[in-house]
Amino acid sequence: MLIHNEYFSLRQIADSGQCFRMNRTDDMDGKESYYLIAYGRYLRLTQLDENTVMLGCSEEEYHQLWKSYFDLDYDYGRIISEIQSGDDEFLKKAVEYGKGIRILRQEAFEVLISFIISQNKNIPAIKNCIEAICACFGERRMSPDGAVYYTFPEPEVLASADKQLLRSLKTGYRDEYIIRASKAVVEGSLDLDRLCYCSYEEAVISLKQVYGIGDKVANCIALFGLHQIDGFPVDVWIKRVIDEIYGGSFPKEKYRGYAGIVQQYMFYYMRHLKGAL
DNA sequence: TGCCAGGCAGACA
DNA sequence: TGTCTGCATGGC
């Protein structure tokens, strides 16, 4: 299945820090290839050229799942044009550098747990920890080309997980956070489906009721798990941008309706400038 | 070996 | 309301 889109870069999405189960694999005919595990499935992807991505799935599966997953109905070009016609020179450079980033429509529960794990960890450590949890608590499956993979565990499984076992998977002090957030989902006090359709502000407030979720993680979950595009997570990298480029305050209200996309361009570009990519 | 990482809760002023 | 401090642990 071939996708032609000017704003669709596998490398930029994989390195944008929004998903942790999309990784580089053996190249295909010298072209960058990735594998992705999401919604219980395994997908192989190859960047054929700057504007063309090949998805290893049928047309039916693409329309059923992956088209939405990669947010391919959304016009990122319009956002980029707006930024490029503005007067923010840093943002213009950030957009030019990361214009292939898209905000994925990931499973909310997976994002909830992944970003609880993410706190005070670097991205490689987060990935390792999530894979360990999937291998321990997920379902073992095999892809059509014979690769073994594990699904992300269901809320009920993590809600009743043994704390010491979780701790042994390098979750550290976050073990209790994971169990309590999973229980909140199972018991219904945290209704992730509902939070997709309420306001961004209400979603963040609700998420912060959960023990272990603060402002930053709540914004990540809102943006990456609920597709609340006004989510604007401020982590150490965005703090650097705000302090070093904007003198301590960033006017995110100027970007109402797509602030989260702007945040991703800034995050990705700052990591590049500081040599973290 | 030491610093840093997509932070948070709790204590305290 | 704002500012510490302790917390686990891997990556570099």
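These values consider heavy atoms only, across backbone and side chains, with no hydrogens, waters or symmetry-generated copies. Bear in mind the structure is a predicted one, so any value in this text is a computation, not a measurement. Letters A, B, ... are given to chains in the order of the sequence lines, protein chains preceding strands, and every chain is numbered from 1.
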Main-chain N/O of A:Gly86 paired to A:Lys92 side chain as donor or acceptor, under 3.5 Å: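 Yes.
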Which whole number of Å gives the distance between the [atom1] atom of [N] and that of [M]?
N: B:dC4; M: C:dT5; atom1: P; value: 16 Å
N: B:dG6; M: C:dC4; atom1: P; value: 23 Å
N: B:dC3; M: C:dA8; atom1: C1'; value: 15 Å
N: C:dC7; M: B:dA5; atom1: C1'; value: 14 Å

Rounded to whole angstrom units, what separation is found between the [atom1] atom of [X] and the [atom2] atom of [N]?
X: A:Leu112; N: B:dG6; atom1: CG; atom2: C1'; result: 15 Å
X: A:Tyr173; N: C:dA8; atom1: OH; atom2: P; result: 9 Å
X: A:Phe115; N: B:dA5; atom1: CZ; atom2: C1'; result: 13 Å
X: A:Arg174; N: C:dT9; atom1: CZ; atom2: P; result: 9 Å
X: A:Asn120; N: C:dT9; atom1: CG; atom2: P; result: 13 Å
X: A:Leu166; N: C:dT9; atom1: CG; atom2: P; result: 12 Å
X: A:Ile116; N: B:dC8; atom1: CD1; atom2: C1'; result: 11 Å
X: A:Phe20; N: B:dA5; atom1: CZ; atom2: P; result: 15 Å

Is the positively charged end of A:Arg180 above the ring of A:Tyr211, judged by distance under 6.0 angstrom from the centroid and angle within 45° of the axis?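 Judged by the rule (NZ or CZ under 6.0 Å from the ring centre, within 45° of its axis), A:Arg180 counts as positioned above A:Tyr211.
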Using OP1 and OP2 only, check whether a side-chain N or O of A:Arg271 sits under 4.0 Å from B:dG6.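 So the side chain of A:Arg271 is within the cut-off, an N or O lying under 4.0 Å from OP1 or OP2 of B:dG6.
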When you check the phosphate oxygens OP1 and OP2 of B:dA9, does a side-chain N or O of A:Arg180 lie under 4.0 Å from one of them?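 Indeed not, no polar side-chain atom of A:Arg180 lies that close.
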Answer with base, sugar-phosphate or nothing: what part of the nucleic acid does [X] contact at a heavy-atom distance below 4.0 Å?
X: A:Glu176; answer: nothing
X: A:Lys170; answer: sugar-phosphate
X: A:Ile238; answer: base
X: A:Ser168; answer: nothing
X: A:Gly214; answer: sugar-phosphate

Side-chain donor-acceptor contact under 3.5 Å, [X] with [Y]:
X: A:Tyr258; Y: A:Glu82; value: yes
X: A:Ser33; Y: A:Thr25; value: no
X: A:Glu187; Y: A:Ser189; value: no

A:Phe267 on top of B:dG6's base, within under 5.5 Å and under 30°?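 It does: the two rings, one from A:Phe267 and one from B:dG6, meet the stacking criterion.
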Residue met sooner reading DNA chain C from 5', once A:Asn128 and A:Gln119 are mapped to nucleotides: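 With A:Asn128 and A:Gln119 compared, the 5'-side residue is A:Gln119.
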I want to confirm an ordering. Mapping A:Arg167 and A:Tyr177 to their closest nucleotides on DNA chain C, which one lands closer to the 5' end?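 Of the two residues, A:Tyr177 wins.
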On the side chain of A:Tyr268, is there an atom forming a donor-acceptor pair with the base of B:dG6 - under 3.5 Å, no angle test?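 Not at all, since no donor on one side and acceptor on the other fall under 3.5 Å apart.
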Select one nucleotide: of B:dC4, B:dG10, B:dG6, the one nearest the side-chain heavy atoms of A:Tyr211.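 Within the option list, the nearest is B:dG10.
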When you measure from the side chain of A:Ala125, which nucleotide among B:dC4, C:dG11, B:dG6 comes out closest?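 The nucleotide sitting nearest to the side chain is C:dG11.
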Pairing check on B:dT1: which nucleotide meets the Watson-Crick or G-U wobble criteria with it, both distances under 3.5 Å?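 Looking at the geometry, B:dT1 pairs with no nucleotide.
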Are A:Phe232 and A:Phe250 close enough, and set up right, to give a ring pair (Phe, Tyr, Trp, His ring centres under 6.0 Å), and what steps lead you there? CA-CA 11 Å; A:Phe232 195 89; A:Phe250 177 73; 5.5 Å; yes
